[in-house]
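Read the structure below first, then the notes.
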Amino acid sequence: MTRFVSGRTSATNAEAFERALAVSPGGVNSPVRAFGSVGGTPRFLASGRGPYVTDIEGTQYVDLVGQWGPALLGHAHPDVIAAAHAAVDHGLGFGAVSTGEVDLAELVLDRLTLTAPDGTERRGIEKLRLTSTGTEATMTAIRLARGATGRPLLVKFAGHYHGHSDSLLSEAGSGIATLGIPGSAGITPETAAQTIVIPYNDEAALAEVFARHGDRIAAVITEAAAANMGVVPPKPGFNRLLADTAHAHGALLISDEVMTGFRATAAGWWGLEEREGAPYDADLTTFGKIIGGGLPLAGLGGRAEVLDLLAPLGPVYQAGTLSGNPVAVATGAAMLAGAGPAVYERLMIAARKIADGLSAALAAEGVVHTVAWAGSQFSIFFRETAPQNYAEAQDQESWRYPAFFHGMLDHGVSLPPSVYEAWFVSAAHDDAAIARVLDAARPAARAAASASRS
Ligand SMILES: Cc1ncc(COP(=O)(O)O)c(C=O)c1O
Ligand SMILES: NCC(=O)CCC(=O)O
(Lines give C-alpha, C1' and ligand atoms only; values in the text may rest on other atoms or scores of the structure.)
(Ligands and ions follow the chains in the order given, each with its own letter.)
Protein backbone atom coordinates (compact mmCIF):
# COMPACT_ATOMS: atom_id res chain seq x y z
CA MET A 1 0.00 0.00 0.00
CA THR A 2 1.29 3.46 -0.88
CA ARG A 3 1.70 5.72 2.10
CA PHE A 4 1.32 9.39 1.33
CA VAL A 5 2.26 10.73 4.72
CA SER A 6 5.91 11.71 4.41
CA GLY A 7 6.63 11.27 8.07
CA ARG A 8 9.19 14.09 7.79
CA THR A 9 9.28 16.69 10.50
CA SER A 10 11.07 19.99 10.91
CA ALA A 11 12.68 21.07 14.15
CA THR A 12 13.98 24.36 12.85
CA ASN A 13 12.88 27.10 10.47
CA ALA A 14 15.86 26.30 8.27
CA GLU A 15 14.87 22.63 7.99
CA ALA A 16 11.29 23.53 7.25
CA PHE A 17 12.36 26.00 4.56
CA GLU A 18 14.58 23.41 2.95
CA ARG A 19 11.62 21.03 2.73
CA ALA A 20 9.38 23.82 1.47
CA LEU A 21 11.87 24.78 -1.24
CA ALA A 22 11.81 21.21 -2.50
CA VAL A 23 8.05 21.09 -2.93
CA SER A 24 6.84 24.61 -3.64
CA PRO A 25 8.19 27.45 -5.81
CA GLY A 26 10.46 29.58 -3.68
CA GLY A 27 9.29 27.64 -0.65
CA VAL A 28 6.19 29.81 -0.34
CA ASN A 29 2.58 30.06 -1.41
CA SER A 30 2.68 33.83 -1.69
CA PRO A 31 5.87 35.65 -2.71
CA VAL A 32 5.70 38.31 0.00
CA ARG A 33 6.46 35.65 2.63
CA ALA A 34 9.80 34.67 1.14
CA PHE A 35 12.16 37.17 2.84
CA GLY A 36 13.50 37.84 -0.68
CA SER A 37 14.32 41.50 -0.13
CA VAL A 38 15.50 41.21 3.48
CA GLY A 39 17.42 37.93 3.25
CA GLY A 40 17.54 35.12 5.75
CA THR A 41 15.14 32.31 6.54
CA PRO A 42 11.40 32.86 6.84
CA ARG A 43 9.98 31.93 10.23
CA PHE A 44 7.51 29.04 10.05
CA LEU A 45 4.75 30.10 12.38
CA ALA A 46 3.03 27.53 14.52
CA SER A 47 0.60 29.64 16.51
CA GLY A 48 -0.63 33.14 17.21
CA ARG A 49 -2.37 34.65 20.18
CA GLY A 50 -3.20 38.30 20.78
CA PRO A 51 -0.28 40.44 19.58
CA TYR A 52 2.15 37.50 19.45
CA VAL A 53 3.10 34.76 17.02
CA THR A 54 5.34 31.79 17.80
CA ASP A 55 7.48 29.89 15.33
CA ILE A 56 8.17 26.16 15.20
CA GLU A 57 11.36 26.67 17.23
CA GLY A 58 9.26 28.11 20.05
CA THR A 59 10.46 31.69 19.58
CA GLN A 60 7.79 34.26 20.24
CA TYR A 61 7.52 37.55 18.34
CA VAL A 62 5.40 40.64 18.69
CA ASP A 63 3.61 40.55 15.36
CA LEU A 64 3.25 43.65 13.21
CA VAL A 65 2.17 41.76 10.10
CA GLY A 66 -1.26 40.89 11.46
CA GLN A 67 -1.99 38.28 8.78
CA TRP A 68 -1.48 41.20 6.31
CA GLY A 69 -4.53 42.91 7.72
CA PRO A 70 -7.25 40.58 8.96
CA ALA A 71 -6.03 40.25 12.56
CA LEU A 72 -7.74 43.44 13.73
CA LEU A 73 -8.53 42.03 17.17
CA GLY A 74 -5.24 40.16 17.46
CA HIS A 75 -4.57 36.51 16.76
CA ALA A 76 -7.04 33.83 17.84
CA HIS A 77 -9.48 36.23 19.44
CA PRO A 78 -11.75 34.06 21.61
CA ASP A 79 -14.98 35.31 20.00
CA VAL A 80 -13.69 34.71 16.48
CA ILE A 81 -12.39 31.26 17.36
CA ALA A 82 -15.68 30.37 19.07
CA ALA A 83 -17.61 31.47 15.98
CA ALA A 84 -15.37 29.29 13.78
CA HIS A 85 -15.82 26.27 16.06
CA ALA A 86 -19.58 26.70 16.15
CA ALA A 87 -19.74 26.93 12.36
CA VAL A 88 -17.42 23.97 11.78
CA ASP A 89 -19.64 21.81 13.95
CA HIS A 90 -22.39 22.24 11.38
CA GLY A 91 -20.29 21.31 8.37
CA LEU A 92 -17.55 22.95 6.34
CA GLY A 93 -19.64 24.17 3.45
CA PHE A 94 -22.56 23.27 1.30
CA GLY A 95 -22.26 24.99 -2.08
CA ALA A 96 -25.77 26.21 -1.40
CA VAL A 97 -27.22 29.34 0.12
CA SER A 98 -26.92 29.66 3.89
CA THR A 99 -28.16 32.32 6.27
CA GLY A 100 -24.68 33.19 7.55
CA GLU A 101 -23.99 34.85 4.19
CA VAL A 102 -27.03 37.06 4.60
CA ASP A 103 -26.07 37.87 8.20
CA LEU A 104 -22.60 39.01 7.13
CA ALA A 105 -23.91 41.07 4.19
CA GLU A 106 -26.44 42.79 6.45
CA LEU A 107 -23.73 43.50 9.00
CA VAL A 108 -21.41 45.01 6.39
CA LEU A 109 -24.19 47.11 4.85
CA ASP A 110 -25.29 48.34 8.28
CA ARG A 111 -21.73 49.27 9.24
CA LEU A 112 -21.41 51.29 6.07
CA THR A 113 -24.61 53.22 6.63
CA LEU A 114 -23.25 56.39 8.10
CA THR A 115 -24.72 59.63 9.29
CA ALA A 116 -23.06 62.62 7.70
CA PRO A 117 -22.19 65.74 9.72
CA ASP A 118 -25.39 67.40 8.48
CA GLY A 119 -27.47 64.50 9.84
CA THR A 120 -28.32 62.87 6.51
CA GLU A 121 -27.97 59.12 6.30
CA ARG A 122 -25.90 57.61 3.55
CA ARG A 123 -25.55 53.99 2.56
CA GLY A 124 -21.97 53.23 1.55
CA ILE A 125 -23.14 50.22 -0.45
CA GLU A 126 -26.53 48.70 -1.19
CA LYS A 127 -25.55 45.17 -2.17
CA LEU A 128 -22.58 42.89 -1.60
CA ARG A 129 -21.32 39.85 -3.54
CA LEU A 130 -18.97 37.64 -1.56
CA THR A 131 -15.84 36.08 -3.04
CA SER A 132 -12.97 34.14 -1.50
CA THR A 133 -10.08 36.56 -2.17
CA GLY A 134 -9.49 40.24 -2.69
CA THR A 135 -8.07 39.39 -6.09
CA GLU A 136 -11.42 37.98 -7.18
CA ALA A 137 -13.24 40.98 -5.79
CA THR A 138 -11.21 43.52 -7.79
CA MET A 139 -11.16 41.30 -10.89
CA THR A 140 -14.94 41.09 -10.78
CA ALA A 141 -15.26 44.81 -10.11
CA ILE A 142 -13.39 45.52 -13.34
CA ARG A 143 -15.49 43.08 -15.33
CA LEU A 144 -18.59 44.65 -13.86
CA ALA A 145 -17.39 48.16 -14.76
CA ARG A 146 -16.71 47.03 -18.31
CA GLY A 147 -20.07 45.28 -18.46
CA ALA A 148 -21.85 48.34 -17.13
CA THR A 149 -20.19 50.83 -19.46
CA GLY A 150 -19.43 48.72 -22.52
CA ARG A 151 -15.93 50.28 -22.49
CA PRO A 152 -12.52 48.54 -22.47
CA LEU A 153 -10.00 50.71 -20.60
CA LEU A 154 -9.00 50.73 -16.97
CA VAL A 155 -7.00 53.43 -15.20
CA LYS A 156 -4.89 52.42 -12.21
CA PHE A 157 -2.18 54.13 -10.20
CA ALA A 158 1.49 53.19 -10.13
CA GLY A 159 2.37 51.48 -6.86
CA HIS A 160 -1.20 50.42 -6.09
CA TYR A 161 -1.82 46.72 -5.59
CA HIS A 162 -5.20 45.17 -6.19
CA GLY A 163 -4.39 41.46 -6.22
CA HIS A 164 -2.88 39.44 -9.01
CA SER A 165 -5.38 39.36 -11.87
CA ASP A 166 -3.91 40.07 -15.31
CA SER A 167 -5.26 43.60 -15.70
CA LEU A 168 -3.93 44.81 -12.38
CA LEU A 169 -0.28 43.85 -12.17
CA SER A 170 1.17 46.71 -14.24
CA GLU A 171 3.45 48.81 -12.03
CA ALA A 172 1.78 47.19 -9.04
CA GLY A 173 2.80 47.59 -5.43
CA SER A 174 3.32 44.84 -2.83
CA GLY A 175 5.42 41.91 -4.10
CA ILE A 176 5.87 43.47 -7.55
CA ALA A 177 7.37 46.56 -5.89
CA THR A 178 9.47 44.43 -3.55
CA LEU A 179 10.86 42.43 -6.44
CA GLY A 180 11.52 45.71 -8.28
CA ILE A 181 9.86 44.48 -11.48
CA PRO A 182 7.45 46.43 -13.72
CA GLY A 183 4.74 43.77 -13.78
CA SER A 184 4.34 40.08 -14.50
CA ALA A 185 5.30 37.82 -17.37
CA GLY A 186 2.48 35.82 -18.86
CA ILE A 187 0.11 38.71 -19.48
CA THR A 188 -0.70 39.32 -23.13
CA PRO A 189 0.27 42.73 -24.54
CA GLU A 190 -3.36 43.18 -25.55
CA THR A 191 -4.50 42.81 -21.95
CA ALA A 192 -1.72 44.98 -20.56
CA ALA A 193 -2.54 47.70 -23.10
CA GLN A 194 -6.03 48.02 -21.68
CA THR A 195 -4.70 49.19 -18.32
CA ILE A 196 -3.39 52.74 -18.28
CA VAL A 197 -1.10 53.44 -15.34
CA ILE A 198 -0.73 57.00 -14.06
CA PRO A 199 1.07 58.52 -11.05
CA TYR A 200 -0.90 58.70 -7.79
CA ASN A 201 -2.04 62.01 -6.35
CA ASP A 202 -1.43 63.64 -9.72
CA GLU A 203 -4.41 65.77 -10.78
CA ALA A 204 -2.82 66.75 -14.09
CA ALA A 205 -2.15 63.14 -15.13
CA LEU A 206 -5.73 62.26 -14.27
CA ALA A 207 -7.11 65.13 -16.32
CA GLU A 208 -4.88 64.21 -19.23
CA VAL A 209 -5.80 60.54 -19.33
CA PHE A 210 -9.48 61.40 -19.32
CA ALA A 211 -9.01 64.12 -21.93
CA ARG A 212 -7.35 61.60 -24.25
CA HIS A 213 -9.32 58.42 -23.56
CA GLY A 214 -12.38 59.57 -21.59
CA ASP A 215 -15.01 57.90 -23.77
CA ARG A 216 -13.18 54.54 -23.67
CA ILE A 217 -12.47 54.36 -19.93
CA ALA A 218 -14.68 51.92 -18.02
CA ALA A 219 -13.25 52.64 -14.58
CA VAL A 220 -10.58 54.13 -12.40
CA ILE A 221 -9.45 51.81 -9.63
CA THR A 222 -7.69 53.18 -6.57
CA GLU A 223 -6.73 51.98 -3.13
CA ALA A 224 -8.85 54.14 -0.80
CA ALA A 225 -5.50 55.01 0.76
CA ALA A 226 -2.49 53.43 -0.90
CA ALA A 227 -0.65 51.01 1.38
CA ASN A 228 1.20 48.63 -0.92
CA MET A 229 4.15 50.94 -1.70
CA GLY A 230 4.40 51.77 1.95
CA VAL A 231 1.56 53.93 3.17
CA VAL A 232 0.79 56.84 0.84
CA PRO A 233 -2.54 58.49 1.65
CA PRO A 234 -4.50 60.37 -0.98
CA LYS A 235 -4.12 64.14 -0.97
CA PRO A 236 -7.14 65.75 0.69
CA GLY A 237 -9.94 65.72 -1.87
CA PHE A 238 -8.15 63.41 -4.32
CA ASN A 239 -10.61 60.53 -3.95
CA ARG A 240 -13.48 62.92 -4.55
CA LEU A 241 -11.73 64.29 -7.61
CA LEU A 242 -11.42 60.72 -8.90
CA ALA A 243 -15.14 60.14 -8.45
CA ASP A 244 -16.10 63.45 -10.04
CA THR A 245 -13.74 63.02 -12.99
CA ALA A 246 -14.82 59.44 -13.66
CA HIS A 247 -18.50 60.35 -13.43
CA ALA A 248 -18.13 63.39 -15.68
CA HIS A 249 -16.90 60.99 -18.37
CA GLY A 250 -19.42 58.22 -17.76
CA ALA A 251 -16.82 55.95 -16.09
CA LEU A 252 -17.01 54.25 -12.71
CA LEU A 253 -14.80 54.65 -9.65
CA ILE A 254 -13.71 51.41 -7.97
CA SER A 255 -12.49 52.06 -4.45
CA ASP A 256 -10.34 49.16 -3.29
CA GLU A 257 -10.80 48.80 0.44
CA VAL A 258 -9.46 45.27 0.73
CA MET A 259 -6.81 46.58 3.09
CA THR A 260 -8.29 49.81 4.42
CA GLY A 261 -11.87 48.59 4.85
CA PHE A 262 -12.88 48.36 8.52
CA ARG A 263 -9.34 49.26 9.52
CA ALA A 264 -8.49 52.74 8.26
CA THR A 265 -11.77 53.76 6.73
CA ALA A 266 -15.29 52.80 5.81
CA ALA A 267 -16.48 52.72 2.22
CA GLY A 268 -16.40 56.11 0.60
CA TRP A 269 -15.62 57.87 3.82
CA TRP A 270 -11.85 57.85 3.83
CA GLY A 271 -10.85 60.22 6.61
CA LEU A 272 -14.07 62.08 6.05
CA GLU A 273 -14.06 64.44 8.97
CA GLU A 274 -10.64 65.92 8.69
CA ARG A 275 -9.77 65.36 5.06
CA GLU A 276 -12.75 65.36 2.75
CA GLY A 277 -15.57 67.01 4.69
CA ALA A 278 -18.02 64.79 2.80
CA PRO A 279 -18.03 61.30 1.35
CA TYR A 280 -16.95 60.54 -2.17
CA ASP A 281 -19.07 58.33 -4.34
CA ALA A 282 -17.37 55.13 -5.34
CA ASP A 283 -19.52 53.04 -7.64
CA LEU A 284 -17.92 49.80 -6.55
CA THR A 285 -16.03 49.08 -3.35
CA THR A 286 -13.99 45.97 -2.74
CA PHE A 287 -13.38 44.39 0.66
CA GLY A 288 -11.33 41.51 2.01
CA LYS A 289 -9.07 40.72 4.94
CA ILE A 290 -11.06 41.94 7.99
CA ILE A 291 -14.51 41.02 6.65
CA GLY A 292 -13.39 37.38 6.58
CA GLY A 293 -12.13 37.45 10.15
CA GLY A 294 -8.93 35.70 9.05
CA LEU A 295 -10.44 33.08 6.72
CA PRO A 296 -10.59 33.33 2.91
CA LEU A 297 -13.42 35.76 2.28
CA ALA A 298 -13.72 39.03 0.40
CA GLY A 299 -16.39 40.85 -1.52
CA LEU A 300 -17.48 43.69 -3.73
CA GLY A 301 -20.28 46.10 -3.02
CA GLY A 302 -21.97 49.05 -4.58
CA ARG A 303 -25.28 50.44 -5.68
CA ALA A 304 -27.96 47.85 -6.35
CA GLU A 305 -28.34 48.90 -10.00
CA VAL A 306 -24.65 48.12 -10.63
CA LEU A 307 -24.39 44.95 -8.50
CA ASP A 308 -27.54 43.56 -10.09
CA LEU A 309 -25.69 43.37 -13.40
CA LEU A 310 -24.01 40.27 -11.94
CA ALA A 311 -25.30 36.79 -12.79
CA PRO A 312 -27.88 35.42 -12.18
CA LEU A 313 -29.74 38.74 -12.58
CA GLY A 314 -27.50 40.36 -15.16
CA PRO A 315 -25.10 39.55 -17.99
CA VAL A 316 -21.78 39.82 -16.08
CA TYR A 317 -20.67 36.40 -14.90
CA GLN A 318 -19.00 35.72 -11.57
CA ALA A 319 -19.06 32.62 -9.40
CA GLY A 320 -17.20 30.60 -6.76
CA THR A 321 -17.42 27.10 -5.30
CA LEU A 322 -16.29 28.37 -1.91
CA SER A 323 -17.87 31.85 -2.06
CA GLY A 324 -19.71 32.75 1.13
CA ASN A 325 -18.29 29.74 2.92
CA PRO A 326 -20.22 29.26 6.17
CA VAL A 327 -17.14 29.09 8.40
CA ALA A 328 -15.63 32.21 6.80
CA VAL A 329 -18.84 34.25 7.04
CA ALA A 330 -19.12 33.27 10.71
CA THR A 331 -15.59 34.39 11.55
CA GLY A 332 -16.07 37.56 9.50
CA ALA A 333 -19.26 38.40 11.36
CA ALA A 334 -17.57 37.76 14.72
CA MET A 335 -14.67 40.00 13.73
CA LEU A 336 -16.95 42.85 12.65
CA ALA A 337 -19.12 42.43 15.74
CA GLY A 338 -16.01 42.89 17.87
CA ALA A 339 -14.78 45.92 15.93
CA GLY A 340 -16.40 48.72 17.90
CA PRO A 341 -15.16 52.26 18.55
CA ALA A 342 -12.99 51.16 21.49
CA VAL A 343 -11.07 48.82 19.20
CA TYR A 344 -10.29 51.60 16.73
CA GLU A 345 -9.23 53.87 19.55
CA ARG A 346 -6.84 51.24 20.90
CA LEU A 347 -5.48 50.57 17.45
CA MET A 348 -4.67 54.24 16.95
CA ILE A 349 -3.04 54.56 20.38
CA ALA A 350 -0.93 51.43 19.87
CA ALA A 351 0.11 52.49 16.37
CA ARG A 352 1.10 55.97 17.53
CA LYS A 353 3.14 54.67 20.46
CA ILE A 354 4.96 52.18 18.28
CA ALA A 355 5.62 54.62 15.45
CA ASP A 356 6.71 57.41 17.79
CA GLY A 357 9.08 55.09 19.65
CA LEU A 358 10.60 53.69 16.48
CA SER A 359 10.94 57.13 15.03
CA ALA A 360 12.70 58.39 18.16
CA ALA A 361 15.10 55.43 18.06
CA LEU A 362 15.91 56.04 14.38
CA ALA A 363 16.34 59.76 14.99
CA ALA A 364 18.68 59.06 17.91
CA GLU A 365 20.88 57.07 15.52
CA GLY A 366 20.71 59.80 12.87
CA VAL A 367 18.80 57.67 10.37
CA VAL A 368 16.86 59.79 7.90
CA HIS A 369 13.26 58.57 7.90
CA THR A 370 9.63 59.56 8.06
CA VAL A 371 6.47 57.78 9.20
CA ALA A 372 3.50 57.91 6.82
CA TRP A 373 -0.07 57.35 7.99
CA ALA A 374 -3.51 56.36 6.79
CA GLY A 375 -5.67 56.00 9.89
CA SER A 376 -3.88 53.47 12.09
CA GLN A 377 -2.01 52.03 9.11
CA PHE A 378 1.52 53.26 8.88
CA SER A 379 4.92 52.49 7.45
CA ILE A 380 8.40 53.91 7.68
CA PHE A 381 10.20 55.40 4.72
CA PHE A 382 13.94 55.94 4.76
CA ARG A 383 13.63 59.42 3.26
CA GLU A 384 13.01 62.86 4.69
CA THR A 385 9.44 63.50 3.62
CA ALA A 386 6.36 61.35 3.16
CA PRO A 387 6.03 60.35 -0.51
CA GLN A 388 2.99 61.24 -2.57
CA ASN A 389 3.49 58.68 -5.33
CA TYR A 390 5.37 55.53 -6.32
CA ALA A 391 8.43 57.31 -7.76
CA GLU A 392 8.91 59.13 -4.46
CA ALA A 393 8.26 55.95 -2.46
CA GLN A 394 11.03 54.25 -4.41
CA ASP A 395 13.35 57.18 -3.82
CA GLN A 396 14.50 56.20 -0.34
CA GLU A 397 17.38 54.45 1.37
CA SER A 398 15.55 51.15 1.16
CA TRP A 399 18.86 49.32 1.60
CA ARG A 400 18.62 50.17 5.30
CA TYR A 401 15.48 48.09 5.70
CA PRO A 402 16.99 44.56 5.76
CA ALA A 403 19.27 45.52 8.67
CA PHE A 404 16.40 47.22 10.47
CA PHE A 405 14.07 44.29 9.82
CA HIS A 406 16.54 41.71 11.14
CA GLY A 407 17.42 43.95 14.08
CA MET A 408 13.77 43.84 15.06
CA LEU A 409 13.38 40.14 14.32
CA ASP A 410 16.45 39.21 16.37
CA HIS A 411 14.87 41.08 19.27
CA GLY A 412 11.50 39.40 18.97
CA VAL A 413 9.50 41.65 16.65
CA SER A 414 8.10 40.48 13.33
CA LEU A 415 7.75 43.21 10.69
CA PRO A 416 6.55 42.85 7.11
CA PRO A 417 9.56 41.53 5.17
CA SER A 418 9.53 44.45 2.72
CA VAL A 419 9.97 48.19 3.00
CA TYR A 420 6.96 48.56 0.68
CA GLU A 421 4.40 47.00 2.99
CA ALA A 422 2.23 48.63 5.64
CA TRP A 423 2.55 47.61 9.28
CA PHE A 424 -0.44 46.27 11.13
CA VAL A 425 -1.19 46.67 14.80
CA SER A 426 -4.17 45.09 16.49
CA ALA A 427 -6.40 45.97 19.40
CA ALA A 428 -4.48 43.28 21.32
CA HIS A 429 -1.22 45.24 21.17
CA ASP A 430 -1.14 46.18 24.82
CA ASP A 431 1.53 48.10 26.73
CA ALA A 432 3.60 44.96 27.31
CA ALA A 433 3.75 44.17 23.59
CA ILE A 434 4.43 47.81 22.73
CA ALA A 435 7.26 47.91 25.28
CA ARG A 436 8.85 44.88 23.62
CA VAL A 437 8.69 46.61 20.25
CA LEU A 438 10.29 49.74 21.64
CA ASP A 439 13.03 47.72 23.37
CA ALA A 440 13.86 46.18 19.99
CA ALA A 441 13.80 49.56 18.28
CA ARG A 442 17.12 50.76 19.67
CA PRO A 443 19.32 47.91 18.41
CA ALA A 444 17.36 47.80 15.14
CA ALA A 445 17.90 51.52 14.61
CA ARG A 446 21.62 51.05 15.29
CA ALA A 447 21.70 48.28 12.69
CA ALA A 448 19.88 50.51 10.19
CA ALA A 449 22.34 53.33 10.89
CA SER A 450 25.34 51.16 10.18
CA ALA A 451 23.86 49.45 7.11
CA SER A 452 25.62 50.20 3.88
CA ARG A 453 24.36 50.42 0.33
CA SER A 454 25.62 47.24 -1.28
C1 LIG B 1 -5.60 46.90 -1.64
C2 LIG B 1 -5.59 45.44 -1.94
N3 LIG B 1 -6.42 44.94 -2.87
C4 LIG B 1 -6.46 43.64 -3.18
C5 LIG B 1 -5.64 42.74 -2.53
C6 LIG B 1 -5.69 41.29 -2.91
O7 LIG B 1 -6.27 40.53 -1.92
P8 LIG B 1 -5.95 38.96 -1.83
O9 LIG B 1 -4.54 38.84 -1.42
O10 LIG B 1 -6.94 38.47 -0.82
O11 LIG B 1 -6.22 38.39 -3.18
C12 LIG B 1 -4.77 43.20 -1.55
C13 LIG B 1 -3.89 42.25 -0.85
O14 LIG B 1 -3.02 42.60 -0.19
C15 LIG B 1 -4.74 44.58 -1.25
O16 LIG B 1 -3.90 45.08 -0.33
N1 LIG C 1 0.02 44.14 1.21
C2 LIG C 1 0.13 43.07 0.38
C3 LIG C 1 -0.59 41.91 0.86
O4 LIG C 1 -1.25 41.95 1.85
C5 LIG C 1 -0.46 40.71 0.07
C6 LIG C 1 -0.32 39.51 0.85
C7 LIG C 1 0.09 38.39 -0.06
O8 LIG C 1 0.09 38.55 -1.28
O9 LIG C 1 0.44 37.33 0.45
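We count ligands from 1, going down the list as the structure has it; atoms in each ligand are counted the same way. The analysis underlying the following values was restricted to heavy atoms, covering all of them including side chains, and did not include hydrogens, waters or symmetry mates.
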- Message: Can you see whether W68 has R33 sitting over its ring - NZ or CZ less than 6.0 Å from the centre and within 45° of the normal?
- Response: no

- Message: Using only atom types and a distance under 3.5 Å, with no angle test, would you say the side chain of N201 pairs donor to acceptor with the backbone of K235?
- Response: yes

- Which residue owns the protein heavy atom closest to atom 16 (O) of ligand 1, what's the atom, and how far is it? N228 ND2, 3.1 Å

- Ion pair E397/R400, N-O distance below 4.0 Å: yes

- Numbered atoms and elements of ligand 1 in range of M259, under 4.0 angstrom, heavy atoms: 16 (O)

- Report yes or no: does H249 contribute a side-chain atom to a donor-acceptor pair with the main-chain N or O of A251 at less than 3.5 Å? no

- Can you tell me the protein heavy atom closest to atom 14 (O) of ligand 1 and the distance? K289 NZ, 3.1 Å

- Please answer whether the main-chain N or O of T195 pairs with a side-chain N or O of K156 as donor and acceptor at a distance below 3.5 Å. no

- Message: Could you tell me, atom by atom, which parts of ligand 1 come under 4.0 Å of a heavy atom of H162?
- Response: 3 (N), 4 (C), 5 (C)

- Item | Whether Q377 side chain and V231 backbone form a donor-acceptor pair below 3.5 Å | no

- Message: Determine whether a donor-acceptor pair (N or O, by modelled atom type, separation under 3.5 Å) exists between the side chain of T331 and the backbone of G292.
- Response: yes

- Query: Strictly under 6.0 Å, is that where the ring centroids of F35 and F17 end up?
  - Reply: no

- Task: Look only at the side chain of T149 and the backbone of A145, and say whether a donor-acceptor pair between them is shorter than 3.5 Å.
- Result: yes

- Message: I'd like to check which ligand 1 atoms, numbered from 1 as shown, lie under 4.0 Å from a non-hydrogen atom of D256.
- Response: 1 (C), 2 (C), 3 (N), 4 (C)

- Query: Any idea which atoms of ligand 1 are less than 4.0 Å away from a heavy-atom of T135?
  - Reply: 6 (C), 7 (O), 8 (P), 11 (O)

- Query: Which is it for W68 and ligand 1 at heavy atoms under 4.0 Å: side chain, backbone, both or neither?
  - Reply: neither

- Tell me which one of T133, V258, V32 gets a heavy atom nearest to atom 12 (C) of ligand 1. V258

- Flag, side chain of Y161 to backbone of A226, donor-acceptor distance under 3.5 Å: no

- Query: Which of the numbered atoms in ligand 1 are below 4.0 angstrom from a heavy atom of G163?
  - Reply: 4 (C), 5 (C), 6 (C)

- Note on the structure: Close residues (non-hydrogen atom under 4.0 angstrom from ligand 2) work out to S30, V32, W68, S174, N228, M259, K289, E421

- Query: Can you name the residues that form a side-chain hydrogen bond (donor to acceptor under 3.5 Å, both in side chains) with E421, not counting sequence neighbours?
  - Reply: S174

- Note on the structure: closest protein heavy atom to atom 7 (O) of ligand 1 is G134 CA, 3.3 Å

